[in-house]
Colleague: 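What follows is a single structure, and I will ask about it in a moment.
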2 protein chains.
Amino acid sequence: MKFESQPSYSLGQRTPASREVAAGENGGNVTLVSQSALGAINRGRVLQALYDNGPKSRADLARLAGVNRTTITGIVQPMIEDQLLVEGDASPSDVKGGKPARPLYFNPDAPMLGAVLLLPGTIQACLVALTGEIKAVTKAEFDPVGDTKAFIAVMTKTLTATLSEAQQAPFGIGVASAGMIDSDNGTILTVNLAPVLTGLPLVAILQKRFSLPVVIDHHPRALLVGDRWFGPGRGQQNFAAVYTGEVLGGAFFIDGKVYRGLAGSGGELGHSVVQIDGALCNCGKHGCWETVAALPWLRKEAARMGLPHPKSITCARLVKEADEGSNAADELLDRYTRNVAFGIVNLQQTLCLNSYVLHGDVAGGGMRAAELIRQHVEQLVVKRPGQEISITVNGVGEGHTALRGAAGLVLSSHLKLVI
Amino acid sequence: MKFESQPSYSLGQRTPASREVAAGENGGNVTLVSQSALGAINRGRVLQALYDNGPKSRADLARLAGVNRTTITGIVQPMIEDQLLVEGDASPSDVKGGKPARPLYFNPDAPMLGAVLLLPGTIQACLVALTGEIKAVTKAEFDPVGDTKAFIAVMTKTLTATLSEAQQAPFGIGVASAGMIDSDNGTILTVNLAPVLTGLPLVAILQKRFSLPVVIDHHPRALLVGDRWFGPGRGQQNFAAVYTGEVLGGAFFIDGKVYRGLAGSGGELGHSVVQIDGALCNCGKHGCWETVAALPWLRKEAARMGLPHPKSITCARLVKEADEGSNAADELLDRYTRNVAFGIVNLQQTLCLNSYVLHGDVAGGGMRAAELIRQHVEQLVVKRPGQEISITVNGVGEGHTALRGAAGLVLSSHLKLVI
DNA sequence: ATAAGTTTGTGCGAGGTACAAACTAACTGC
DNA sequence: GCAGTTAGTTTGTACCTCGCACAAACTTAT
């Protein structure tokens with residue numbers, strides 16, 4: 001499979017914008033905004049506005065961005081010519097009179113994005129259209145404690161199968177992986193439940209194999225980006241994604257940007273402390289949030305309280321049993337959601353994002369669990385006047401959010417929305 | 001081609017109380033960077049580079065920013081003509097040969113900045129030069145539970161005394177205040193220990209009285225800015241300022257910007273939870289960080305352990321007594337610093353800033369306390385390979401950091417460094 | 001049916017910004 | 001004294017956004 005180079009104005013690698021940013025990262029701490037970077041920035045922002053708001057006409061975009069209509073035309077026209085965007089049919093204007101607006105949106109036939117979700121033991125690959133549609137899903141399994149070469153073979157085979165279904169060369173490949181990831185250097189640091197991945201420079205391997213831009217990030221951050229592009233975080237400037245399950249993690253969208261700490265760290269919330277000298281955690285410390293709000297805790301408590309089938313307890317089942325009248329389930333659900341709430345409370349006190357999207361096990365508990373968590377958070381947080389905290393779930397879709405997020409990572413990294 | 005108004009793949013439901021989300025979607029936070037704004041941005045960044053790196057020649061600045069020398073000349077020349085910057089004497093070049101560079105820096109005779117530090121019961125006002133020098137300090141006291149008019153009278157009198165010593169009109173006035181501040185609207189929300197300030201629209205009052213730009217922010221954030229402009233945070237892109245004393249607070253510098261949450265909140269770390277169902281806090285909740293790492297806890301423990309003069313115990317005295325051989329002091333110091341460390345650990349796990357500047361009581365403990373805290377943090381954090389965590393103190397100067405920070409706030413808003 | 005009004009989208013020139021090339025100034029070393 | 005090097009300036013060019021004018025397309029009133 002051989003891929004052509006990409007259009008030069010936005011999604012390619014060698015635009016002045018990316019060179020500018022690279023120079024900034026390399027050299028000093030100061031980066032001036034150059035003329036050519038400006039164009040790339042504004043192009044990126046127009047695209048972002050399209051993602052955030054859905055199909056919009058040039059005039060709408062101009063109003064949204066507070067710029068002249070002609071500016072939007074200038075930005076948008078080359079993209080239409082390159083078939084990245086398409087002009088829709090004139091929609092009946094909601095205002096009376098006037099020339100009807102022609103909405104613009106992403107071309108469904110534009111190049112897609114490769115996306116990979118890497119969890120202990122399983123690989124999922126797919127293609128994501130710019131419109132968010134998921135196609136050509138391929139799944140495979142690998143031995144978490146096996147041989148590195150075997151893993152790479154499975155990975156390339158899976159990805160090749162998926163990418164071969166693309167009509168044109170994808171813009172790039174995004175990988176969402178469990179564990180601790182160094183997204184700056186594109187390597188997997190450690191995955192507790194899959195030692196075979198430890199230290200794997202996956203970005204370099206895939207880049208070499210497929211000759212495409214490759215981006216990797218950790219699972220919660222992919223969920224965040226998935227929420228932001230195509231989920232409840234759409235259009236929001238500040239929110240957090242929180243994942244609960246066997247482990248806990250989170251990621252933040254701050255001031256319109258994905259927060260990515262030094263070397264792509266941050267958001268390792270599972271091991272923040274909510275109980276000094278509390279229960280022993282997998283990490284060797286005591287009283288981590290993970291010791292009271294993850295599935296192992298829930299299983300242990302379910303067993304202690306004599307609930308049926310404690311080994312396979314989930315939030316979803318807890319909600320079901322509580323709805324069916326089990327007092328024990330109701331009580332445990334309350335304690336579970338309260339424990340989850342503590343981590344969100346600490347986030348709220350720290351960053352005050354006001355908006356949280358839940359994934360993983362508690363998301364399986366649906367609206368009921370979300371509302372319980374919201375109530376606990378409200379009780380436990382020092383509220384400011386006029387402040388409203390929103391807790392949403394986005395748990396459906398078998399990893400589709402993470403896959404869309406992985407795709408979104410590629411898009412974000414190539415749009416260079418950062419100034 | 002026809003588009004659906006709302007894309008069909010937006011998964012996830014929203015909790016009933018999420019008016020903010022709808023507002024966010026509608027409001028459209030998209031802003032393009034205009035050509036004219038570009039100049040202002042770059043001017044600001046050049047000035048920031050001067051602050052961060054000290055006097056620098058045009059050529060140095062150009063290298064630092066990765067731009068053409070002519071660009072720097074174009075930016076800098078008007079500022080020299082405006083007497084904001086001055087050209088220094090040709091310094092002996094460190095490289096051999098070539099025309100010697102003329103370093104640029106802030107004109108000591110340029111307009112200064114007004115700064116006010118507002119703590120329960122006391123007002124401190126001063127002038128801050130662009131070089132960081134502090135002049136014309138005026139102090140006054142007010143009744144924390146008294147009359148609002150009386151407070152305003154004291155405030156205007158103090159500020160008038162200070163401002164009258166300025167040769168030229170200052171660029172503006174920056175206020176750093178204890179308590180909960182709405183920096184967006186320029187009002188003091190609540191100050192627990194000074195009810196007279198509750199709900200005071202201080203920015204509006206001072207703006208009207210002095211006809212100058214006025215900025216207000218809460219105390220920890222002023223410390224942060226003070227650290228950033230003139231302290232250990234100089235030139236850093238990511239760090240946190242942490243204040244301990246009667247209360248705990250913090251503020252963050254993230255990716256080269258002061259983090260200012262919605263309505264200027266965030267950083268209210270004192271009431272993050274480190275001990276679920278722990279001791280009762282002033283705020284009415286249980287187990288806040290403030291219950292184990294602030295002065296009230298230290299006094300209580302000192303009394304319990306039989307240390308001398310427990311009512312006036314401070315970290316500084318604890319260090320002194322421990323150095324003099326008191327085992328009890330040594331043990332309490334260890335526990336105190338460990339408790340402080342927990343809050344920093346949670347910050348580190350969340351944001352991974354890697355660099356923390358201590359203020360307030362623990363800063364009084366100097367290097368000894370900082371090193372103890374650092375050791376505890378290192379033990380309690382899940383470390384990533386190659387990661388180093390730095391803990392520094394900046395406790396000297398009787399509020400000078402906060403005053404410089406207050407001045408820095410004006411500068412930031414005046415220079416429009418934030419995009 | 002016709003005219004007036006409204007909104008969308010597009011040329012064109014103006015204004016501003018950064019960049020590249022070429023130039024002068026000043027200093028070092030042989 | 002001359003070559004080499006670095007700093008800062010001048011000049012022309014490319015690029016971007018903005019405001020204005022104008023055609024296109026649709027609604028509404030007469």
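Every chain is numbered from 1 and lettered A, B, ... according to where its sequence line falls, protein lines coming before strand lines. If you're wondering where the values come from, they're calculated on a predicted model, not measured in any experiment.
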Colleague: Holding to side chain to side chain donor-acceptor pair (under 3.5 Å), I want the full list of residues that pass it with A:Asn185, two or more places apart in sequence or in another chain.
Modeller: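 In terms of side chain to side chain donor-acceptor pair (under 3.5 Å), with neighbours along the sequence ignored, A:Asn185 is linked to A:Asp182.
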
Colleague: Any side-chain N or O of B:Thr71 under 4.0 Å from OP1/OP2 of C:dC19?
Modeller: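 Yes, such a contact exists.
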
Colleague: Measuring to OP1 and OP2 of C:dA18, would you say a side-chain N or O of B:Asn42 lies under 4.0 angstrom away?
Modeller: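 For C:dA18, OP1/OP2 do have a side-chain N/O of B:Asn42 under 4.0 Å.
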
Colleague: Can you check whether A:Arg63 has a side-chain N or O nearer than 4.0 Å to OP1 or OP2 of C:dT8?
Modeller: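 Indeed, a polar side-chain atom of A:Arg63 lies that close.
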
Colleague: Evaluate the side-chain proximity of B:Leu411 to B:Leu130: yes if any heavy-atom separation is below 4.5 Å, no if none is.
Modeller: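 Result yes, sub-4.5 Å side-chain heavy-atom pair found.
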
Colleague: Which of the following nucleotides, D:dC26, C:dG9, D:dG8, is nearest to the side chain of A:Ala59?
Modeller: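 Output: C:dG9.
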
Colleague: Whole Å only: how far is the CZ atom of A:Arg58 from the P atom of D:dA25?
Modeller: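 Atom CZ in A:Arg58 sits about 14 Å away from atom P in D:dA25.
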
Colleague: Rounded to the Å, how far apart are B:Ile41 CD1 and C:dA18 C1'?
Modeller: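 So the two atoms are 14 Å apart, to the nearest Å.
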
Colleague: How close or far is atom P of D:dT9 from atom CZ of B:Arg102, stated in whole angstroms?
Modeller: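 The distance from CZ of B:Arg102 to P of D:dT9 comes to 10 Å, rounded to the nearest Å.
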
Colleague: Which atom pairs link the protein and nucleotides 21-23 of chain C when you take only N or O atoms and keep those under 3.5 Å?
Modeller:
none

Colleague: Which one, D:dC18, C:dG9, D:dA7, comes nearest to the side chain of B:Ala101?
Modeller: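 Nearest nucleotide to the side chain: D:dA7.
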
Colleague: Please report, rounded to the nearest Å, how far the P atom of D:dG8 is from the CG atom of B:Leu85.
Modeller: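 Atom-to-atom, B:Leu85 to D:dG8, this comes out as 13 Å.
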
Colleague: Given D:dT17, C:dT10, C:dA26, which nucleotide is nearest the side-chain atoms of B:Pro100?
Modeller: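 Out of D:dT17, C:dT10, C:dA26, the nucleotide with an atom closest to B:Pro100's side chain is C:dA26.
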
Colleague: Give B:Gln77 one of three labels, base, sugar-phosphate or nothing, depending on what nucleic acid heavy atoms sit under 4.0 Å from its own.
Modeller: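 Here B:Gln77 touches the backbone only, sparing every base.
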
Colleague: Check the distance between C:dT8's C1' and A:Glu87's CD and give it to me in whole angstrom.
Modeller: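 Computing the A:Glu87:CD to C:dT8:C1' distance gives 11 Å.
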
Colleague: Less than 4.5 Å apart, any side-chain heavy atom of B:Leu224 and any of B:Tyr259?
Modeller: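 They are not in contact (no side-chain heavy atoms under 4.5 Å apart), so the answer is no.
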
Colleague: Starting from P on D:dG8, measure out to NZ on B:Lys99 and report it in whole angstrom.
Modeller: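 The distance from NZ of B:Lys99 to P of D:dG8 comes to 6 Å, rounded to the nearest Å.
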
Colleague: Could you tell me how far apart A:Arg43 (CZ) and D:dC16 (P) are, to the nearest whole angstrom?
Modeller: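 Roughly 7 Å, once rounded to whole Å.
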
Colleague: Please check if the number of heavy atoms outside B:Gln77 that lie under 6.0 Å from its CD is greater than 12.
Modeller: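 More than 12 within 6.0 Å, yes.
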
Colleague: Nearest whole Å is fine: how far is C:dG16 P from B:Ile75 CD1?
Modeller: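 So the CD1-P distance, B:Ile75 to C:dG16, works out to 16 Å.
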
Colleague: More than 12 heavy atoms of other residues, nucleotides or ligands under 6.0 Å from CD of B:Gln168: is that the case?
Modeller: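 Above 12, so yes.
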
